[in-house]
J.: 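Before anything else, here's the structure in question.
Quick note on labels: first sequence line is chain A, next is B, and so on, each numbered from 1.
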Amino acid sequence: MLRVFNTLSRTKEEFQPVTPGKVGMYLCGPTVYKPSHIGHMVGPVIFDAIKRYMTYSGYEVTWVVNITDVDDKLIAESNARGIPMSAVADEMTQDYKNNLAAMGVDTINVFPKATDYIQQIVDFTADLIAKGYAYESEGDVYYDVEKFPEYGKLSNRTLDQMSGEGGGTAERKHSPFDFALWKSAKPGEPSWDSPWGKGRPGWHIECSVMSCCLLGETFDVHGGGLDLQFPHHENEIAQSEARNGKPMAKYWMHNGLMQASNEVGKVGGRKTREAQESGAKEGDLASQEAGKISKSKGASAFRDLLKKFQPENIRFFLLSSHYRRPIDYSEERLQEVGKGLEGFYRYFKRFESVTGQSFYSLESAKTRLEGDDYEKSEALDVYPEFAKHIRELRARFLEAMDDDFNTAGGLGVFFDYLRAVNKFIEETQLETKQDPTAQNALTVATTIFRELALTLGLFRAPVEEDASANDALVEPLMTLLIDLRRAAKKNKDFATADEIRNRLKELGVTLEDRPGGVCVWTRE
RNA sequence: GGCGUCGUAGCCAAAUGGCUAAGGCAACGGAUUGCAAAUCCGUCAUUUACCGGUUCGAGUCCGGUCGACGCCUCCA
């Protein structure tokens with residue numbers, strides 16, 4: 001039984017979709033005006049794992065991630081670069097999608113763009129005016145927050161609490177908290193026709209409209225970063241529920257934000273504003289503090305990070321803490337996680353050398369029910385203790401994931417799993433003995449591991465080797481060196497054997513002598 | 001100022017109020033090895049920032065103190 005933390009109730013709830021067996025999931029995607037940074041990958045990777053796990057659990061999931069391609073920031077960027085807004089949007093959308101593809105986030109069903117829904121946005125806005133929840137003012141259309149009594153229910157605040165806050169010029173608005181559904185166009189700005197004159201959509205309306213068009217008036221999961229809880233998601237609720245008269249989403253899920261420990265300054269929050277107002281005397285200090293990574297300042301482009309780290313390394317890192325917690329970004333942390341990952345890769349090679357099968361080609365169960373069946377395999381029962389252990393590990397993993405997608409707990413189980421299978425190889429001496437019975441048991445155990453790893457989108461395919469590092473000569477040269485070294489060892493000429501190994505190590509190549517006179521090499 | 005989150009070992013990080021507080025990284029022993037590497041075995045939190053309370057029982061619930069952070073303004 002899946003349990004999900006719902007921001008609306010601030011508790012974990014049993015997951016029961018609106019329509020049995022089907023799940024509609026909407027994640028707020030980016031405003032495409034700058035290249036994405038690592039913070040933009042947090043949500044997609046987490047919800048990718050959530051979708052995979054839900055699918056594995058037997059749900060048919062439709063996942064929508066929107067692209068907001070019309071916005072003040074896009075207009076500013078377009079002006080700054082002297083190219084059309086649509087060109088900026090196309091370029092950054094491509095960057096975003098490239099990054100998702102690199103990260104293996106390929107489970108998103110629809111990427112709707114706001115500009116493809118202008119007519120629906122106009123209709124939606126007109127509905128809100130007709131129902132008395134919005135009003136026109138000098139070509140703009142505003143949502144009248146006073147008319148929606150539940151305003152603030154998601155972020156747990158009331159209009160009274162906020163009074164004295166909020167701001168900007170309120171001349172055109174009834175209340176400073178009213179927000180724009182439609183903005184009139186200034187000369188030269190991209191615009192569309194509407195009953196209120198030429199203009200463009202406000203920020204929040206596109207999500208209400210596209211989620212409704214694609215997933216229905218009430219869908220199951222609405223996700224996004226914690227920073228979107230207010231005002232974005234609050235406003236989406238106000239718009240959608242006022243228009244449709246029913247709950248917008250059953251479960252609201254918010255992921256914690258990526259924090260940068262020092263390289264990116266603190267950019268949000270009251271301190272900065274105060275610092276600015278008081279002559280920035282705290283500014284320098286504040287910029288040294290930890291703070292969330294923001295695209296409005298300095299975070300390096302994700303595509304550059306991909307040059308330094310394997311996508312799987314980044315994915316493993318993102319899944320190594322619970323999704324609702326903030327996660328600190330640092331290259332050291334990424335490297336540390338990478339060391340842990342290597343143990344898995346080594347095991348996959350070991351598995352292949354012992355059974356002759358590639359881990360990546362194992363056909364594992366696609367659903368939990370299939371897996372329940374598969375784990376009963378008699379090949380495993382030949383080794384009762386091992387069988388019991390493997391089944392316990394699988395149960396522990398599923399238990400962790402059922403409890404609000406505890407990927408960190410699940411990854412912990414993976415390391416126990418790794419030890420179990422390595423130990424099994426030692427105990428059965430599979431590296432030096434032919435033992436089909438033990439090989440079968442190991443294959444079953446490893447296939448179950450693959451089944452679980454795939455629910456997180458991990459270990460789907462071999463990590464790409466750096467093509468430039470391996471030209472056709474490397475393989476035969478390594479074979480030559482290893483043969484020479486073997487001959488030296490046979491003659492007890494360990495000095496030569498060690499020199500070969502040491503000098504290769506200096507070149508970044510590690511030799512490992514395995515039982516049976518086998519020598520394996522790996523490079524960094 | 002309002003609302004909220006968090007504080008678990010040297011670092012990272014799990015844990016429906018209930019058995020010995022997972023796991024990773026680092027470190028240190030041992031097995032194995034010609035020596036290594038890898039792997040396995042073992043050590044590494046009498047205790048969850050601090051103080052008090054509720055309870056048969058608290059990392060977990062309540063109150064307070066200290067500290068870190070988020071939102072209230074563009075954000076994933």
Side-chain angles (χ1 to χ4, degrees), chain A residues 3 10 12 27-31 33 36-44 46-47 65 71-73 76 152 155-158 160-168 177 203 223-232 254-259 266-270 272-273 289-297 316-317 320-322 324-328 330 332-333 335-343 346-347 349-350 396 399-400 403 406-416 418-419 422-427 431 489 492 494 497-498 501-502 505 510-515 519-520 522:
Chain A
R3 284 152 44 87
R10 275 163 277 276
K12 283 182 199 169
L27 178 72
C28 283
T31 299
Y33 73 104
S36 33
H37 61 252
I38 185 165
H40 292 106
M41 293 297 121
V42 176
I46 287 162
F47 282 89
V65 176
D71 174 270
D72 290 356
K73 296 186 295 295
S155 54
N156 190 32
R157 64 190 75 198
T158 61
D160 285 347
Q161 281 171 353
M162 293 189 292
S163 60
E165 279 294 341
F177 304 106
W203 173 30
L226 202 55
D227 53 345
L228 294 182
Q229 196 181 97
F230 187 92
H232 186 56
H254 290 98
N255 59 271
L257 302 175
M258 176 75 60
Q259 310 280 127
K266 179 176 177 60
V267 290
R270 179 52 44 102
T272 304
R273 186 203 270 179
E289 289 170 9
K292 72 174 182 182
I293 290 183
S294 164
K295 66 171 123 182
S296 60
K297 188 167 186 173
F316 204 88
F317 165 66
S320 70
S321 68
H322 190 269
R324 279 190 283 119
R325 284 180 63 117
I327 181 166
D328 283 332
S330 78
E332 291 70 31
R333 190 67 51 228
Q335 274 160 1
E336 194 178 298
V337 163
K339 283 179 189 164
L341 257 184
E342 277 174 32
R346 273 195 295 267
Y347 172 69
K349 284 187 181 163
R350 198 176 191 196
R396 272 175 55 202
E399 198 181 332
D403 185 11
N406 185 355
T407 56
L411 253 31
V413 176
F414 282 4
F415 284 98
D416 287 337
L418 188 60
R419 190 177 305 118
N422 270 320
K423 189 173 179 176
F424 183 77
I425 292 177
E426 306 265 302
E427 285 175 352
E431 281 184 310
K489 280 172 64 178
K492 303 272 184 221
F494 295 120
D498 287 352
R501 188 173 60 199
N502 291 338
K505 185 74 188 170
T510 307
L511 295 187
E512 295 177 22
D513 292 330
R514 291 287 177 71
C519 185
V520 175
T522 50

J.: G412(A) or A497(A): which one's nearest nucleotide on RNA chain B is closer to the 5' end?
T.: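 Mapping each residue to its closest nucleotide by heavy atoms, the 5'-most match is G412(A).
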
J.: Using whole Å, what does the distance between atom P of nucleotide rU73(B) and atom CZ of F230(A) come to?
T.: 6 Å

J.: Tell me the interatomic distance from R325(A), atom CZ, to rA13(B), atom P, rounded to whole angstroms.
T.: 5 Å

J.: rC12(B), rC72(B), rA36(B): which one has an atom nearest the side-chain heavy atoms of D513(A)?
T.: rA36(B)

J.: Please report the distance, rounded to the nearest Å, between CG in L228(A) and P in rC72(B).
T.: 10 Å

J.: Only pairs with both distances under 3.5 Å count, Watson-Crick or wobble alike; so what is the partner of rA37(B) in this structure?
T.: none

J.: Under 4.0 Å, counting only non-hydrogen atoms across every strand here, what does R419(A) touch: a base, just sugar-phosphate, or nothing?
T.: sugar-phosphate

J.: Nearest to the side chain of T510(A), which nucleotide is it out of rC3(B), rA37(B), rA14(B)?
T.: rA37(B)

J.: Can you check whether I327(A) reaches Q259(A) side chain to side chain, under 4.5 Å on heavy atoms?
T.: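 No, every pair of side-chain atoms sits at 4.5 Å or beyond.
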
J.: Does the structure show a Watson-Crick or G-U wobble partner for rG4(B), both distances under 3.5 Å? Name it, or say none.
T.: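 With both distances under 3.5 Å, rG4(B) matches rC69(B).
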
J.: Which nucleotide in the list rU16(B), rG34(B), rU39(B) gets nearest to the side chain of R501(A)?
T.: rG34(B)

J.: Please pick, from rC71(B), rG4(B), rA22(B), the nucleotide with the shortest atom-to-atom distance to any side-chain atom of N156(A).
T.: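 Nearest to the side chain of N156(A) among the choices is rG4(B).
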
J.: Considering Watson-Crick and G-U wobble pairs with both distances under 3.5 Å, what does rG10(B) pair with?
T.: rC25(B)

J.: Is G410(A) touching bases, backbone alone, or none of the nucleic acid, heavy atoms closer than 4.0 Å?
T.: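 Touches nothing.
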
J.: What integer number of Å spans the P atoms of rC28(B) and rG67(B)?
T.: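 To the nearest whole Å, 37 Å.
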
J.: Does this structure show an ion pair linking E336(A) with R333(A), if we count only N-O contacts that are shorter than 4.0 Å?
T.: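 Looking at E336(A) and R333(A), the cut-off is met.
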
J.: Where the side chain of R3(A) is defined as all heavy atoms beyond and including C-beta, which of rU16(B), rA13(B), rA26(B) is the nearest nucleotide?
T.: rU16(B)

J.: What's the closest nucleotide to the side chain of S321(A) if the choices are rA26(B), rA14(B), rA22(B)?
T.: rA14(B)

J.: Between rG23(B) and F415(A), is there a base-stacking contact, meaning the centre of the base's six-membered ring lies under 5.5 Å from the residue's ring centre while the planes stay under 30° apart?
T.: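 No, F415(A) does not stack on the base of rG23(B).
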
J.: Just compare rA38(B), rC35(B), rA15(B) and give me whichever is closest to any side-chain atom of N406(A).
T.: rA15(B)

J.: Between the base of rG34(B) and the side chain of D498(A), is there a donor-acceptor distance below 3.5 Å?
T.: yes

J.: Output the rounded distance in Å from CZ (R514(A)) to C1' (rU32(B)).
T.: 13 Å

J.: Taking only the C1' atom of each, what is the distance from rU54(B) to rG63(B) in whole angstrom?
T.: 11 Å

J.: Take a 6.0 Å sphere around NZ of K12(A) and say whether it holds more than 12 heavy atoms from other residues, nucleotides or ligands.
T.: yes

J.: H322(A) NE2 to rG7(B) P: how many Å, rounded?
T.: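 To the nearest whole Å, that distance equals 13 Å.
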
J.: Compare the minimum distances between each of rC25(B), rU39(B), rA14(B) and the side chain of E336(A), then state the nucleotide with the smallest one.
T.: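 Per side-chain heavy atoms of E336(A), the pick is rC25(B).
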
J.: Counting the atoms with a prime plus P, OP1 and OP2 as sugar-phosphate, which does K492(A) contact under 4.0 Å by heavy atoms, base, sugar-phosphate, or nothing?
T.: nothing

J.: Does rA36(B) have OP1 or OP2 under 4.0 Å away from a side-chain N or O of N502(A)?
T.: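 For rA36(B), OP1/OP2 do not have a side-chain N/O of N502(A) under 4.0 Å.
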
J.: If you check every side-chain atom of R157(A), which of rA38(B), rC71(B), rA14(B) has the closest atom?
T.: rC71(B)

J.: Answer yes or no: does atom CD of E431(A) have more than 12 heavy-atom neighbours from other residues, nucleotides or ligands under 6.0 Å?
T.: yes

J.: Just name whichever nucleotide pairs with rU47(B), Watson-Crick or G-U, keeping both distances under 3.5 Å, else none.
T.: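 rU47(B) is unpaired by these criteria.
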
